[in-house]
Amino acid sequence: MSVSASSPAAAAGDEKQEAAPVRRCKGVNDLDKVVLREVRGSSAEVYLYGGHVTSWKDEHGDELLFVSNKAIFKPPKAIRGGIPICFPQFSNFGNLEPHGFARNRTWSVDDDPPPFPVPTSNSAYIDLILKPTEDDLKIWPHSFEYRLRVALSPGGDLMLTSRIRNTNADGKPFSFTFAYHTYFKISDISEVRVEGLETLDYLDNLQDRARSTEQGDAIVFESELDRIYLGTPSKIAIIDHEKKRTFVVRKGGLPDAVVWNPWDKKAKAMSDFGDDEYKRMVCVEAAAIEKTVTLKPGEEWTGKLELSAVPSSYYSGQLDPDRVIQDSTVPEDSIS
């Protein structure tokens, strides 16, 4: 029996197809992307260009990541917002272009990745891989395999696991810095505070990276802020008072944390960023910057990020501050 396109049966079929846990399709400017969807309704989108997560929605369909309305989805420009990956260099900590080249290379789907130490029980995940091109080797002469798994937990948490291996045939080690440059979508920057970094030392990027100590009981935003916090805990909270929502950042293998908001003047100076968009975003970035990660040939480093969004009433004192990233035994200088 044929079913007309307008019938409920056809609609149900479409809905079922739509809810596939992993779907490959085209995104902005015909770029390849992967849509992950959990049965309860949460979702994430990953562009192969940059291995770049550009969307993370909760079960109600609310967007949790910020992407600029002026973002340019066109190589070689990096996508402004979401979760850009800074590798093999954070900012200008080295001789490469700022934030390295991983965020503006096209990654491949890794159909046969090596087993993960902790198997993923859910099916909403994708494995990507990046290897250097000949042009990359000219500017950074090191052979590597970078494997990235992006996964949604059944509860809607977003998990990124990076595994970077030195595949140099010449026996030489290499060193790198790294960050998940996460842009969180918020109600208003004046209503946000970041907790978990109090009393820590930081490098102030607005003061030539002068070293200071955080004096406040939380970070609040009243002007441009750009800091690298050092030796940070495995959990950081971003509390959005207006939304009554708390983002919880859990990380493994990433001892540092960058906190950034460009404020009005810098926002106006960025061509791919709206003049007032600074009010609706904050970057809190799990990173390895102060101490470079060094790998000998055959060695592998793992950096994990797990993002949760919970009602602030639930967060207050109820989330175990000692709980580390799910089943993670990744030491701070995680090298196997």
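Note that the structure is predicted; figures quoted are calculated from it, not measured.
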Please, which pairs that meet ring-ring contact (aromatic ring centres under 6.0 Å, His included) have at least one residue in residues 54-80, sequence neighbours excluded? Tyr47-Phe73, Phe66-Phe273
Not counting sequence neighbours, which residues clear side chain to side chain contact (heavy atoms under 4.5 Å, CB included) with [X]? List them please.
X      : value
Asn205 : Arg209, Asp226, Ile228
Lys57  : Ser43, Ser55, Glu63
Lys291 : none

Residues two or more places apart in sequence or in another chain: which of them pass side-chain hydrogen bond (donor to acceptor under 3.5 Å, both in side chains) with [X]?
X      : result
Ser162 : Tyr146, Tyr180
Thr213 : Asp201
Glu45  : Lys33
Arg103 : none

Asn95, CG atom: more than 12 neighbouring heavy atoms under 6.0 Å: no
Near Asp208 CG, under 6.0 Å, is it more than 12 heavy atoms from other residues, nucleotides or ligands? no
Could you tell me whether the side chain of [Y] reaches within less than 4.5 Å of the side chain of [X], counting heavy atoms only?
X      : Y      : answer
Pro311 : Lys244 : no
Pro113 : Ile129 : no
Val150 : Leu158 : yes
Asp127 : Leu148 : no

Just by modelled atom types, is the [Y] backbone N or O under 3.5 Å from a matching donor or acceptor in the [X] side chain?
X      : Y      : answer
Asp256 : Ile289 : yes
Ser42  : Asp58  : no
Glu277 : Asn69  : yes
Arg165 : Gly298 : yes
Glu214 : Leu197 : no
Trp301 : Asn166 : no
Thr232 : Pro255 : yes
Glu198 : Gly196 : yes
Gln89  : Ser91  : yes

Measure up the [X] and [Y] rings against each other and bin them: parallel (under 30°), tilted (30 to 60°), perpendicular (over 60°).
X      : Y      : result
Phe184 : Phe247 : tilted
Phe87  : Trp140 : perpendicular
His99  : Phe90  : tilted
His181 : Tyr183 : parallel

Gap separating the [atom1] atom of [X] from the [atom2] atom of [Y], nearest 0.5 angstrom:
X      : Y      : atom1 : atom2 : value
Glu285 : Leu305 : CD    : CG    : 11.0 Å
Phe174 : Thr167 : CZ    : OG1   : 7.0 Å
Gln207 : Arg227 : CD    : CZ    : 9.5 Å

Heavy-atom closest pair, residues [X] and [Y]:
X      : Y      : answer
Gly51  : Ile85  : O-CD1, 3.7 Å
Pro233 : Lys251 : O-NZ, 3.0 Å
Pro132 : Ser143 : CG-CA, 4.1 Å
Pro297 : Asn168 : CB-O, 3.7 Å
Gly82  : Leu65  : CA-CD1, 4.2 Å
Ile239 : Ser312 : CG2-OG, 4.0 Å

One thing to verify: whether Glu145 and Arg147 come together as a salt bridge, which I'm taking to mean a side-chain N less than 4.0 angstrom from a carboxylate O. yes
Residues passing the salt bridge (Lys or Arg N to Asp or Glu O under 4.0 Å) test with Lys172, sequence neighbours excluded, are none
For Asp272, give me all partners under salt bridge (Lys or Arg N to Asp or Glu O under 4.0 Å), at least two apart in sequence or on another chain. Lys77, Arg80
What pairs meet the side-chain hydrogen bond (donor to acceptor under 3.5 Å, both in side chains) rule with one or both residues in residues 258-267, with sequence neighbours excluded? Glu224-Lys266
Residues 186-193 side chain polar contacts: donor-acceptor under 3.5 Å, at least two apart:
{"residue": "Ser187", "atom": "OG", "partner": "Asp240", "partner atom": "OD1", "Å": "2.6"}
{"residue": "Ser187", "atom": "OG", "partner": "Asp240", "partner atom": "OD2", "Å": "3.3"}
{"residue": "Asp188", "atom": "OD1", "partner": "Ser190", "partner atom": "N", "Å": "2.8"}
{"residue": "Asp188", "atom": "OD1", "partner": "Ser190", "partner atom": "OG", "Å": "2.7"}
{"residue": "Arg193", "atom": "NE", "partner": "Glu195", "partner atom": "OE2", "Å": "3.1"}
{"residue": "Arg193", "atom": "NH2", "partner": "Glu195", "partner atom": "OE2", "Å": "3.4"}

Any donor-acceptor pair under 3.5 Å linking the side-chain atoms of Thr177 with those of Thr292? no
